Amino acid sequence: MSTRPPKLLLFVENTTSFQHVVRSRILEEGSRTGKFDFCVVLPPGLSPSEADLARLHGVKFLPLDIHHAPTSDFLGRVLKKPIHILSRDLLTVMSPDATLAQDRAFGLKKRGSSIAIRLAYARLLNKFGVSWRHLSQFAQHFGRYPEIGKLLDDYQPDLVVYFNILMGQLDCLREVKRRNIPLVLDLPNWDQASSKGPLTVLPDHAFVWSKQVGADFCRIHDFPEEQTTPIGVAQFDAYAQKDDVLSRDEFCRIHGIDPSKKIVLYAYGQPPGIKACDPFVRDILECIAPDKIGTRCHLIFRASPRVPFPETLRELGGVTVQHPLGHETAGGLGWMPSPEEDRMRKSTLAHSDVIINIFSTMCLDGLAMDRPVINLGYVCGDPENAPNRMERFFTYTHVIPVMESNGTWIVKTKKELQTAIQEALSEPTAKLNDGRTLLHQICGPSDGKTFQRWLEAMSCVVEKHCQL
């Protein structure tokens, strides 16, 4: 029997999976204890910082342009796009209630087309028993990636882990399946299970945040429940440790805020098809005016690195703009938080008396810090008698648990927003228990030990699937 630790090869291909794995305690603890031998493959634009390398001195990092790995066979190049299109159409037909299907229907309608007509051929194929899974299995026979094959042959991993189900982004992992190496999909966010896909490479096991997210994933992607393990949210482990939070005086000094004022945090996110930053801010400012709610407040506008910043916002009084700490990566791989960002985000949440967002992940971050959370369910600035442009998001698969819960305030008018802010400021624990229940439903345990569950779950997968 082998005494060496299992060799895990991890394909980290974007900033989300980088945060999930590299910035959490997964690699650090797994390497320190000798549980696993880690090798992380990542594009050159995602190179770890000096601080990351010092903390993870036992982990190997291998730069490789995963997204542009060349296909050596003609058939693979020719059939790649048609297989992707047909697979996505079949998934949409088979899971019409998924966020992916809803988004596609909305987009086609906006362009004057009908999703029923667009998917007629796929519906017919499905009636004859053809599914997107059949295409994924068929595609296993073509699409050769010599660089990836050589990497696998050189490193000889016992197991491969990846973190992305965006259609076709990691087709190169077919080389893993051809070598019969067990493959684990680790979903690093709450909406990917319902808004992305299909799985162009079929994993042997999947890690998800919670039973709720796992149930959505299994239903939409026709995945066996017994091959799915809920582990929690690795990047939320930091919220369980409060000893590094900035003091309120220091936080307010940095942001130019009177510490005696209540802090209202607006975590800006732009829903697809809606551009209304200035009206959103103006509505909030009007609602928190002292003559409206009877207390002095200050608004922090937390800019989204994924949305162009509206410079006109700097001209408004009573608003402090907070830009998350980080930088844009080379090669368009997304925005990379700096190592200091976790502390600043945690401090911002800790000192915010109420958090306003639009059903973004910041809703969950706020609940993880036991903060009152308001979800904006209307488009600020729209006429009161106009159709609510936010309604279509209420039935998104990942949003439904929030809509059905009493864990946050969900406001659909300016008057409701003002009332919710007043309630949250006067009774900050009013929804605390319901908020914790909602957080557990979506994210699993929030005990700071997700990294341990990840390592334990991986050990179980290795024991079941690997011959060591």
Side-chain angles (χ1 to χ4, degrees), residues 9-24 40-53 61-71 76-77 80-81 83-85 87-88 99-100 103-104 107 143 145-148 151 161-175 185-193 195-201 235 267-275 277 302-311 321-342 345 358 360-362:
L9 188 64
L10 290 75
F11 282 83
V12 172
E13 78 296 335
N14 59 32
T15 55
T16 300
S17 51
F18 185 95
Q19 285 177 263
H20 176 68
V21 176
V22 178
R23 291 281 165 79
S24 72
V40 180
V41 182
L42 69 182
L46 293 182
S47 299
S49 67
E50 291 298 325
D52 291 323
L53 291 172
F61 288 94
L62 180 64
L64 182 66
D65 193 352
I66 307 167
H67 294 294
H68 299 99
T71 309
R77 292 192 295 271
K80 183 175 183 176
K81 189 171 182 179
I83 290 290
H84 289 167
I85 293 172
S87 296
R88 188 176 64 165
T99 302
L100 172 68
D103 264 347
R104 296 194 69 196
Y145 297 85
E147 277 187 290
I148 305 300
L151 167 64
V161 189
Y162 72 114
F163 308 86
N164 190 337
I165 60 172
L166 271 72
M167 185 178 66
Q169 281 205 358
L170 288 178
D171 282 358
C172 60
L173 296 186
R174 291 173 185 164
E175 296 292 349
L185 166 64
D186 184 356
L187 285 170
N189 56 38
W190 71 321
D191 68 331
Q192 204 173 87
S195 64
K196 303 296 186 289
L199 299 166
T200 51
V201 178
Q235 57 267 40
Y268 178 56
Q270 187 171 282
I274 295 174
K275 296 180 180 179
C277 175
R302 182 173 166 86
S304 169
R306 295 180 176 86
V307 181
F309 179 75
E311 290 296 334
V321 176
Q322 183 192 73
H323 291 281
L325 305 175
H327 66 276
E328 282 294 331
T329 56
L333 296 172
W335 181 82
M336 174 70 77
S338 70
E340 299 79 25
E341 167 57 18
D342 273 352
R345 184 178 64 256
I358 309 176
S360 68
T361 307
M362 188 57 78

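Since the structure is predicted, the reported quantities are computational estimates derived from the model, not experimental observations.
With a 4.5 Å cut-off on side-chain heavy atoms, Phe309 and Val321 count as touching. With a 4.5 Å cut-off on side-chain heavy atoms, Ser87 and Ile85 do not count as touching. By the 4.5 Å heavy-atom criterion applied to side chains, Val41 and Ile148 are not counted as neighbours. Contact check for Pro198 versus Arg88: side-chain heavy atoms found under the 4.5 Å cut-off. Residues Pro43 and His67 have side chains in contact (heavy-atom distance under 4.5 Å, counting atoms from C-beta outward). A 4.5 Å side-chain heavy-atom check between Lys196 and Met167 finds every atom pair outside the cut-off. Under the 4.5 Å side-chain criterion, counting only non-hydrogen atoms from C-beta, Glu147 is not in contact with His68. Leu10 is not listed as a side-chain neighbour of Asp186, based on a closest heavy-atom distance of 4.5 Å or more.
Arg77 places a side-chain N or O within donor-acceptor distance of the main-chain N or O of Thr71, the cut-off being under 3.5 Å. Here the side chain of Gln192 pairs no donor or acceptor atom with the backbone of Leu187 at under 3.5 angstrom. Side-chain atoms of Thr15 come within 3.5 Å of backbone atoms of Trp335 as a donor-acceptor pair (strictly under, hydrogens ignored). Between the side chain of Arg23 and the backbone N or O of Asp342, no donor-acceptor pair lies under 3.5 Å. One N or O on the side chain of Thr329 and one on the backbone of Gly334 form a donor-acceptor pair closer than 3.5 Å.
Checked options Leu46, Val12, Asp52, Val22; the residue passing with Phe61 is Val22 (criterion: side chain to side chain contact (heavy atoms under 4.5 Å, CB included)).
Taken from CG in Leu199 to CG in Leu173, the straight-line distance is 11.5 Å, to the nearest 0.5 Å. From Glu13, atom CD reaches atom CD1 of Ile66 across 6.5 Å, with rounding to the nearest 0.5 Å. The CG atom of Asp65 sits 11.0 Å away from the CG atom of Leu42 when rounded to the nearest 0.5 Å.
Counting non-hydrogen atoms of other residues, nucleotides and ligands closer than 6.0 Å to CD of Glu50 gives a total of 12 or fewer. Counting non-hydrogen atoms of neighbouring residues, nucleotides and ligands closer than 6.0 angstrom, the NE2 atom of His327 exceeds 12 such neighbours.
Annotation: side-chain contact (heavy atoms from CB on, under 4.5 Å) contacts of Thr16 (sequence neighbours excluded): Asn14, Pro188, Asn189, Arg306. Residues satisfying the ring-ring contact (aromatic ring centres under 6.0 Å, His included) test with Phe163, not counting sequence neighbours, are His20.
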Q: Begin from the C-alpha positions of Leu151 and Phe11 and carry the test side chain to side chain contact (heavy atoms under 4.5 Å, CB included) through to its verdict.
A: CA-CA 12 Å; Leu151 167 64; Phe11 282 83; 4.1 Å; yes
